[in-house]
Amino acid sequence: MENEITTPNTNTESAPKKRMLSGIQPSGDLHLGNYLGAIKNWADRVNDYECYYFMADLHTITVRQDPATLRKRSLNQLAQYIACGLDPEKNVLFLQSHVPAHAQLAWVLNCYTMFGELSRMTQFKDKSAKHKDNINAGLFTYPVLMAADILLYQADYVPVGEDQKQHVEITRDIAQRFNSIYGDVFKVPEAFIPKAGARVYGLTTPGDKMSKSIPEGCVFIMDSPDEIARKFKRAVTDSDTEHCVRFDRENKPGVANLMNIYSAITGESFEEIEREFDGMGYGAFKPKVGEAVIEHLRPIREEAERLMADKAYLNEVYKNGAERASYIANKTLRKVYKKVGFYQLP
Ligand code: ATP
Ligand code: LTN
């Protein structure tokens with residue numbers, strides 16, 4: 001499929017840089033799935049792209065949030081983004097609610113999105129099953145706001161984990177529909193899914209993606225080394241008799257998940273990992289993966305802690321980010337308003 005790419009074309013020196021954009025909801029602490037599936041992948045590409053990354057706070061209220069916690073997380077997540085390698089000098093980092101154009105464009109796009117296509121979104125089906133007492137309209141139109149996030153910036157690539165691919169596809173459909181009526185208003189974006197780390201599974205539930213809703217099997221970026229070691233020690237491995245470290249997603253999902261994590265962290269291929277751990281059982285492999293994760297996350301956690309204490313700096317980053325993001329976003333919004341026929345003052 002056209003948008004199912006793993007390696008976007010790198011820019012030639014003379015061509016203008018292509019644009020990348022992505023966001024994560026500040027609805028929980030960042031975990032290894034967020035990091036390997038999304039953020040690490042963003043930080044690795046900063047020199048080749050013009051990058052926009054934001055905290056999707058508007059999206060979080062589709063599920064009830066405690067206001068004080070949301071406020072705190074919105075700031076802490078920025079500190080964690082930076083600590084994970086997103087340099088605010090090289091990336092535009094901002095909070096979604098600081099750029100009103102997101103909500104403004106979302107309304108317009110709501111009128112170009114069909115009820116039927118929103119009904120097919122798996123995230124809506126999952127989340128409405130989980131929050132039966134609060135199946136609000138925002139949860140249903142969530143993908144439209146996400147389309148607005150992306151299309152406002154004329155993004156070429158949207159680096160996300162595999163679970164978000166369907167949302168990027170609907171964004172393409174909305175953009176193409178709008179463009180077919182009004183001409184080339186929006187760039188049609190492509191999802192950019194990493195090869196390793198695209199789907200990190202829970203350590204205790206290797207059949208389900210790692211998620212903050214199952215904290216025992218979820219390694220948080222801010223977890224202490226002891227906690228991480230404990231979680232890896234308790235990782236579920238497989239009940240096969242072979243007991244050797246071999247990549248077999250179907251029959252050995254627990255080991256495959258650990259290998260995937262190890263590969264994403266060390267850059268080693270599955271064959272190299274198999275060779276490295278040849279003759280070792282699961283018992284020896286689990287703590288090794290844990291150690292690699294601990295050492296990789298240690299400087300990130302320490303830097304995040306330092307930044308979280310520097311509120312003035314974080315505020316400044318947010319202020320600057322909102323200004324730079326608004327400049328691009330408002331340009332697109334003005335064009336859309338004009339195209340659909342909203343009267344503009346001279
Ligand atoms: P939840 O716990 O509610 O399912 P989440 O922790 O998955 O949420 P999101 O805000 O949905 O967090 O995801 C943020 C980004 O991280 C997205 O790009 C998503 O694809 C990626 N991501 C999240 N979990 C994983 C995972 N287990 N493996 C790979 N990527 C992931
Ligand atoms: N839906 C995404 C978060 C998100 C996003 C975006 C990602 C909101 N807007 C725009 C990429 C581009 C999620 O839940 N992970």
Side-chain angles (χ1 to χ4, degrees), residues 19-42 51-65 73-74 77 80-81 84 94-97 99 102-103 105-106 109 121-124 126-131 138-139 141-172 174-175 189-215 217-221 257 260-261 263-264 325 329:
R19 206 169 273 166
M20 271 204 175
L21 170 133
S22 197
I24 297 183
Q25 302 186 51
S27 53
D29 295 322
L30 291 178
H31 56 72
L32 199 61
N34 302 138
Y35 176 67
L36 295 178
I39 305 170
K40 182 171 183 293
N41 198 28
W42 306 347
C51 299
Y52 292 78
Y53 299 118
F54 64 98
M55 327 297 141
D57 60 343
L58 297 179
H59 278 97
T60 65
I61 62 163
T62 52
V63 173
R64 290 276 175 271
Q65 301 293 324
R73 281 201 175 125
S74 299
Q77 190 166 307
Q80 291 168 22
Y81 268 28
C84 286
F94 65 100
L95 187 63
Q96 189 185 27
S97 65
V99 183
H102 289 247
L105 181 62
L109 296 183
M121 294 290 111
T122 50
Q123 184 170 300
F124 172 70
D126 291 351
K127 291 219 169 161
S128 51
K130 239 194 243 168
H131 304 277
L139 197 61
T141 60
Y142 179 112
V144 183
L145 178 58
M146 179 154 162
D149 299 337
I150 298 168
L151 299 178
L152 272 178
Y153 298 89
Q154 308 288 351
D156 295 276
Y157 297 111
V158 184
V160 282
E162 211 173 59
D163 60 307
Q164 292 298 315
K165 208 171 99 187
Q166 198 186 28
H167 286 160
V168 180
E169 270 160 24
I170 196 177
T171 300
R172 290 168 60 85
I174 297 169
E190 293 185 35
F192 170 31
I193 317 253
K195 278 188 194 132
R199 193 170 265 269
V200 178
Y201 294 86
L203 297 184
T204 49
T205 51
D208 298 315
K209 73 166 196 164
M210 182 176 284
S211 161
K212 57 197 168 249
S213 51
I214 311 172
C218 182
V219 175
F220 294 98
I221 286 184
N257 186 38
N260 189 38
I261 293 172
S263 167

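In this text, all values refer to a predicted model and were calculated from it rather than measured experimentally. Note that ligands are numbered from 1 as they come in the structure, with each ligand's atoms numbered from 1 the same way.
Side-chain contact between Phe220 and His31 is present, with at least one heavy-atom pair separated by less than 4.5 Å. Residues Asp29 and Arg73 have side chains in contact (heavy-atom distance under 4.5 Å, counting atoms from C-beta outward). Two residues are said to be in side-chain contact when any heavy atoms from C-beta on lie closer than 4.5 Å; Leu21 and Phe54 meet this criterion. Residues Arg172 and Pro189 are in side-chain contact: their nearest non-hydrogen atoms beyond the backbone lie under 4.5 Å apart. Side-chain contact between Ile261 and Val219 is absent, with no heavy-atom pair separated by less than 4.5 Å. Between Gln164 and Ser22 the shortest side-chain heavy-atom distance does not fall below 4.5 Å. Side-chain contact between Tyr35 and Gln80: absent, with no pair of heavy atoms (C-beta onward) separated by less than 4.5 Å.
Any N or O atom pair closer than 3.5 Å counts here, and Pro159 shares no such pair with ligand 1. Considering backbone and side-chain N/O atoms, Val200 comes within less than 3.5 Å of an N/O atom of ligand 1. Residue Lys212 has at least one nitrogen or oxygen atom sitting less than 3.5 Å from a nitrogen or oxygen atom of ligand 1, judged on distance alone. Backbone and side-chain nitrogen or oxygen atoms of Lys209 are examined, and one is located within less than 3.5 angstrom of a nitrogen or oxygen of ligand 1. The shortest N/O to N/O separation between Tyr201 and ligand 1 does not fall below 3.5 Å. Taking only nitrogen or oxygen atoms, main chain and side chain alike, Gln164 does not reach within less than 3.5 Å of ligand 1. Considering backbone and side-chain N/O atoms, Gly33 comes within less than 3.5 Å of an N/O atom of ligand 1.
Taking the six-membered ring for Trp and the full ring otherwise, the centers of His167 and Phe124 sit at least 6.0 Å from each other.
At a heavy-atom cutoff of 4.0 Å, ligand 1 is contacted by both the backbone and the side chain of Met210.
Using bins of under 30°, 30° to 60° and over 60° for the plane-to-plane angle, the ring pair Tyr52/Phe94 lands in the perpendicular bin.
Listed by chain and number, the residues in a salt bridge (charged side-chain N to carboxylate O under 4.0 Å, His left out) with Lys127 amount to none (sequence neighbours excluded).
For the residue pair Asp149/Gln96, the side-chain donor-acceptor check at 3.5 Å is satisfied.
A 6.0 Å sphere centred on CG of Leu139 holds more than 12 heavy atoms belonging to other residues, nucleotides or ligands.
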Is there any protein N/O under 3.5 Å from an N/O of ligand 2, and what does the full list of such pairs look like?
{"from": "ligand 2", "atom 1": "1 (N)", "to": "Tyr142", "atom 2": "OH", "distance (Å)": "2.6"}
{"from": "ligand 2", "atom 1": "1 (N)", "to": "Gln164", "atom 2": "OE1", "distance (Å)": "3.0"}
{"from": "ligand 2", "atom 1": "9 (N)", "to": "Asp149", "atom 2": "OD2", "distance (Å)": "2.6"}
{"from": "ligand 2", "atom 1": "14 (O)", "to": "Gln25", "atom 2": "NE2", "distance (Å)": "3.4"}
{"from": "ligand 2", "atom 1": "14 (O)", "to": "Tyr142", "atom 2": "OH", "distance (Å)": "2.9"}
{"from": "ligand 2", "atom 1": "14 (O)", "to": "Gln164", "atom 2": "NE2", "distance (Å)": "3.4"}

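Near His31, meaning under 4.0 Å from one of its heavy atoms, ligand 1 places the atoms 5 (P), 6 (O), 24 (N). Heavy-atom contacts of Val160 reach the following atoms of ligand 1: 18 (O) (cutoff under 4.0 Å). Listed by atom number, the atoms of ligand 1 under 4.0 Å from Gly37 heavy atoms are 29 (C), 30 (N). Short contacts between ligand 1 and Gln25, defined as distances under 4.0 Å to a heavy atom of the residue, involve ligand atoms 10 (O).
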